[in-house]
Each structure stands twice: as C-alpha cells, then as structure tokens.
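Please read the structure below before turning to the comments.
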Amino acid sequence: MACFRPPYWLTLLTILVSLTWSPAIADEKDPARLIKFKSSLSNVGELSNWNDTVPPCNGLKENWKGVICDNNGNVFGLLLENMGLSGTIDTDTLAEITSIRTLSFTNNSFEGSIPNLEKMLPLRGVFLSYNKFSGEIGSDAFSGMSSLRKVELGNNNFTGKIPTSLTQLPVLVDLELQNNEFEGEIPDFEQKDLTVNFANNKLGGSIPNGLSNQDPKSFAGMSKYS
Ligand SMILES: *[C@@H]1O[C@H](CO)[C@@H](O)[C@H](O)[C@H]1NC(C)=O
Ligand SMILES: *[C@@H]1O[C@H](CO)[C@@H](O)[C@H](O)[C@H]1NC(C)=O
Ligand SMILES: *[C@@H]1O[C@H](CO)[C@@H](O)[C@H](O)[C@H]1NC(C)=O
C-alpha cells in the first residue's frame with residue numbers, strides 16, 4: 001500500500017514559507033491605541049504629528065514624534081521628554097501595545113500617583129524623573145517585572161517607603177529615587193550590577209549590606225540611627 005507522500009518541492013516550499021513568514025508585522029490597531037493614549041494627556045502641542053494617516057513607524061524610523069521603533073516597525077517605546085505634558089498616563093491602553101519595552105516621561109508636568117504598571121510586565125525601562133508625581137508607591141508596584149533594568153523616579157514628590165518589589169527585580173541595574181520624600185529604612189538589594197541613588201529623601205537607619213559598595217553620595221541626607 002502506498003502512503004501519501006507530498007512531493008519534495010512542496011515540503012521545501014512549506015519550510016521556506018514558514019522561515020520567511022514574519023508574524024512581527026506591526027499591529028494595525030497600535031496607531032489607534034496611541035491616539036487614545038494621547039487623548040488623556042494635556043498640553044500635547046509637541047505631539048501634533050501623531051496622525052494615523054501615516055503609521056507611527058516606518059521600519060526603525062519613527063514617523064510620530066517621541067515614538068521609538070524596533071526593526072520590525074513595531075512601537076518599542078515612547079520617549080516623551082521635555083514636552084510640558086500633563087494629564088493622565090493611560091497605561092491600560094499602552095499595555096495593549098505588546099511590543100512596548102520602554103517608557104520615558106522625564107521632565108514633564110505630570111502630577112498625582114505613579115502610573116499603574118501592573119499590566120506592563122515586559123517593560124525594561126521606566127523613566128519618570130523631573131515631574132510632580134506624589135504619594136506613596138505600593139510595595140508590590142513592580143512585582144513580576146522580571147525584565148526591568150532601569151527605574152528612574154528622581155526629582156518628584158514621592159512619599160512613603162521604598163517599594164520592596166524593587167528588591168526582587170532580577171536584572172535591575174539602575175535605580176534613581178533621589179530628591180523625593182521617601183522615608184523609613186532602605187530595604188536590602190542584592191542585585192549584583194545595581195547602581196542606586198537615594199540621595200535627598202527622608203530615609204533613615206543604616207545602609208543595607210547589599211548596597212555597601214555604592215557611592216556614599218547616593219545616601220546624602222540620610223539620617224543614621226541604629
Ligand atoms: C490627521 O490629518 C488629517 C488631514 O490632515 C486630519 O483631517 C485629521 O483630523 C488628523 N487626525 C488626527 C487624529 O489628528
Ligand atoms: C525640561 O523641559 C522644558 C520644556 O518643557 C525645557 O525648557 C527644559 O530645558 C527641560 N529641562 C531639562 C533639565 O532638560
Ligand atoms: C513637592 O511638594 C512641595 C509642597 O508639598 C512643593 O513645594 C514642591 O514644589 C514639590 N516639588 C516638586 C518637585 O513637585
């Protein structure tokens with residue numbers, strides 16, 4: 001009995017098609033998601049070229065100001081710095097753009113609580129320095145963000161304790177919390193290649209063992225007690 005065997009050229013064609021077929025085509029809903037994200041921001045004059053008549057990315061090159069593109073033409077991040085932006089950072093909508101890995105809102109006029117990052121687990125960088133964010137950050141705000149390398153929250157008005165979930169991020173290399181109102185003791189950090197800046201907060205107690213090799217300036221303004 002002869003069993004069916006596809007001609008070899010068909011097998012070859014199937015293999016070639018599966019090798020070259022890239023599923024990494026930019027998600028066609030991403031432009032609308034970015035426009036929706038923009039709609040909850042205020043003072044968006046710098047984002048006037050965000051218009052879905054052109055795609056946000058053309059390969060690596062961005063068509064929309066402040067969008068970072070990857071080489072598949074997907075939105076890799078947002079670099080919205082020094083733009084005078086305020087309003088709400090709609091991370092629920094940004095989380096639907098699954099290719100996003102980095103978010104910078106450095107030096108704008110955002111106020112209120114830290115944006116909710118719990119749906120943005122793949123982020124590698126979060127840059128919120130030089131805004132007017134305030135309030136406490138929940139201890140588990142960064143839980144499960146296992147790719148997070150850089151967290152910059154300096155020069156805001158954050159209060160309360162340093163969130164302990166930061167101590168559990170396996171690849172964290174850069175943590176900047178300086179010039180805020182963080183208080184209490186510094187939790188221990190054991191990440192090997194981590195650099196921290198905790199200067200000019202209301203922290204107290206002793207420097208934990210895992211941070212004993214940091215630049216002493218990173219603890220300026222700390223009140224020592226034991
Ligand atoms: C995009 O540009 C077109 C033509 O200039 C304009 O009519 C439309 O309102 C713009 N859309 C947005 C979202 O700005
Ligand atoms: C912050 O952004 C403003 C524009 O909104 C700019 O004039 C200023 O130079 C920026 N500051 C820094 C330190 O980059
Ligand atoms: C922090 O809050 C104080 C008053 O509560 C205010 O004077 C100061 O300007 C704020 N700092 C920043 C960076 O927003």
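The figures that follow rest on heavy atoms only: side chains count, while hydrogens, waters and symmetry mates do not. Counting convention: from 1, in listed order, for ligands and their atoms alike.
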Short side-chain donor-acceptor distance under 3.5 Å, [Y] and [X]:
X: N180; Y: N156; value: no
X: E81; Y: S104; value: yes
X: N107; Y: N82; value: yes

Nearest 0.5 Å, please: how far is NZ in K119 from CG in L121?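 Those atoms lie 11.0 Å apart.
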Residues in the immediate environment of ligand 2 (any heavy atom closer than 4.0 angstrom):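 For ligand 2, the residues that come within the 4.0 Å heavy-atom cutoff are N82, G84, N107.
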pair L128-V126: side-chain heavy atoms closer than 4.5 Å: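 Of all side-chain heavy-atom pairs linking V126 with L128, at least one is under 4.5 Å.
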Take a 6.0 Å sphere around CZ of R149 and say whether it holds more than 12 heavy atoms from other residues, nucleotides or ligands.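 No - once you tally the heavy atoms of other residues, nucleotides and ligands closer than 6.0 Å, there are 12 at most.
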